[in-house]
Protein chains: 2
Amino acid sequence: MKLSTKGRYAVTAMMDLAVNDRDGPVTLSDISGWQGISLSYLEQLFSKLRKARLVEGVRGPGGGYRLGKPADKISIAQIILAVDESIDSTQCKGSEDCLAGDRCMTHKLWEDLSFRLYEFLNGITLADFIKRPEVRRISVQQNSTSSQISRMFQPVAHA
Amino acid sequence: MKLSTKGRYAVTAMMDLAVNDRDGPVTLSDISGWQGISLSYLEQLFSKLRKARLVEGVRGPGGGYRLGKPADKISIAQIILAVDESIDSTQCKGSEDCLAGDRCMTHKLWEDLSFRLYEFLNGITLADFIKRPEVRRISVQQNSTSSQISRMFQPVAHA
DNA sequence: TATAATACCTAGTAACTTAGTAGGTAATTA
DNA sequence: TAATTACCTACTAAGTTACTAGGTATTATA
């Protein structure tokens with residue numbers, strides 16, 4: 001499991017699709033403008049999303065992309081796994097003496113953490129964000145805590 | 001919030017410190033051997049961890065690193081934020097017409113997701129993993145599901 | 001039928017990040 | 001005094017990110 005700007009681009013683009021679902025297909029050109037991402041890079045991302053069947057393309061004028069399945073069937077984890085290369089999880093390539101040596105235990109702890117993270121992100125769907133009447137609520141709610149959030153995401157203060 | 005191999009190295013190294021807490025300071029040389037990470041790269045990581053006061057160094061023979069505070073006061077989020085550069089979250093650099101234009105809403109949805117992720121990772125501490133009698137339990141529990149996990153973390157199957 | 005709009009594809013590349021090497025100095029223990 | 005460790009700086013190879021440039025295939029519409 002990896003979380004980077006690439007994954008963020010994919011998730012926000014999928015949110016765009018979900019939010020505008022009822023207005024027909026959304027063009028990559030539009031998303032490019034809204035999100036400030038180059039069209040060609042979006043094409044690369046959507047190629048992966050399409051192969052994972054998370055979106056489907058519609059060619060020709062009036063075309064674009066639609067969600068490949070209902071928004072409540074698309075989790076954040078699915079999106080991230082579709083576009084990001086997976087992390088190689090262990091350094092002790094399954095050598096058994098490492099396990100017996102008890103040092104590899106931390107690898108298992110890490111896998112446990114990764115699994116919890118996966119479950120968490122797999123439990124959040126696009127529908128959780130864009131259920132129409134609630135979008136504004138989330139938005140407002142977000143406003144009220146946005147200053148706290150930006151503080152939290154600052155780099156840790158250095159001594 | 002960013003999650004990469006760099007963050008994983010930091011988290012597993014911190015787990016190593018926590019697990020071996022009672023045996024005195026742990027040397028980077030040891031961690032380097034256990035985790036297969038170069039000594040100098042570990043030094044770079046621990047420089048950041050030290051500045052964030054998550055570890056403290058002990059010089060001289062018999063020295064090494066200790067946790068900077070109790071394991072139940074160190075969250076996974078703190079570790080990751082200490083070593084990873086933070087992601088620049090919005091592309092519409094606060095331009096208000098973007099907000100009014102309703103397109104920037106997805107940025108708020110993303111921030112909401114980031115915040116949930118932060119809360120999740122901030123709610124998990126090192127102590128959750130290494131409370132002594134439980135380490136083996138987690139390990140065993142992990143074994144039973146490890147095949148499922150490795151399946152889940154494979155790249156998404158392509159059509 | 002012609003044109004435009006779109007998806008869809010390949011190749012190349014600049015900038016950045018990751019992870020490493022090399023070569024030190026400072027503090028501390030034995 | 002010697003060995004061991006943290007701690008620091010500079011440099012670098014490999015990989016990833018995000019972009020540019022150039023196409024082809026499909027389809028709606030004028």
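Proteins get letters first, then strands, A, B, ... in listed order; numbering begins at 1 in each. Remember, it's a predicted structure, so these values are computed and weren't measured experimentally.
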| Are OP1 or OP2 of C/dA4 and a side-chain N or O of A/Arg59 less than 4.0 angstrom apart? | no
| task | Could you tell me whether B/Arg66 sits above the aromatic face of B/Phe46, with NZ or CZ closer than 6.0 angstrom to the six-membered ring centre and within 45 degrees of the axis? | result | no
| query | Of all the choices, C/dA7, D/dA6, C/dT18, which nucleotide is nearest to the side chain of B/Ser4 once you look at every atom? | reply | C/dT18
| said: I need the CD-P distance between A/Glu56 and C/dT6, as an integer number of Å. | reply: 18 Å
| field | Side chains of A/Glu43 and A/Ser38, donor plus acceptor under 3.5 Å | value | no
| field | Among D/dA18, C/dA19, C/dA7, the one nearest A/Tyr41 by side-chain distance | value | D/dA18
| said: Reading DNA chain C from 5' onward, which residue's closest nucleotide shows up sooner: B/Asp84 or B/Gly60? | reply: B/Asp84
| Any chance the side chains of A/Thr125 and A/Asp72 put a donor and an acceptor closer than 3.5 Å? | no
| said: For a quick test of reading the model: is some side-chain N or O of A/Thr5 closer than 4.0 Å to OP1 or OP2 of D/dA18? | reply: yes
| task | Round to a whole Å and report the spacing from NZ of A/Lys48 to P of C/dC8. | result | 16 Å
| request: Output the single nucleotide from C/dA5, C/dC9, C/dA19 whose closest atom is nearest the side chain of A/Pro61. | output: C/dA5
| field | Length of the line joining A/Gln44:CD and C/dA11:C1', which is rounded to integer Å | value | 11 Å
| Any side-chain N or O of B/Arg8 under 4.0 Å from OP1/OP2 of C/dA19? | no
| query | When the distance from CG of B/Asp30 to C1' of D/dT5 is rounded to whole Å, what number comes out? | reply | 11 Å
| When you check the phosphate oxygens OP1 and OP2 of C/dC8, does a side-chain N or O of A/Tyr65 lie under 4.0 Å from one of them? | yes
| query | Closer than 4.0 Å, any side-chain N/O of A/Arg50 to the OP1 or OP2 of C/dC8? | reply | yes
| query | Under 3.5 Å, is there an N or O donor on one side and an acceptor on the other linking the side chain of B/Ser40 and the base of C/dT21? | reply | yes
| cation_pi(A/Arg59, A/Tyr65) dist<6.0 Å, angle<=45 | no
| B/Leu42 CG - C/dG20 P separation (whole Å) | 9 Å
| note | Result for 5'-nearest mapping on DNA chain D, choosing between A/Gly62 and A/Gly7, is A/Gly7
| query | C/dT18 P sits how many Å from B/Lys6 NZ, rounded? | reply | 5 Å
| What is the distance from CG of B/Leu39 to C1' of C/dT21, rounded to the nearest Å? | 11 Å
| request: May I ask you to verify if any side-chain N or O of A/Lys2 is less than 4.0 angstrom from the OP1 or OP2 atom of D/dT17? | output: yes
| field | Nearest-angstrom distance from the residue atom CD of A/Glu43 to P of D/dG22 | value | 15 Å
| task | Would you tell me whether A/Ser114 and A/Trp110 have side-chain atoms, one donor and one acceptor, within less than 3.5 Å of each other? | result | yes
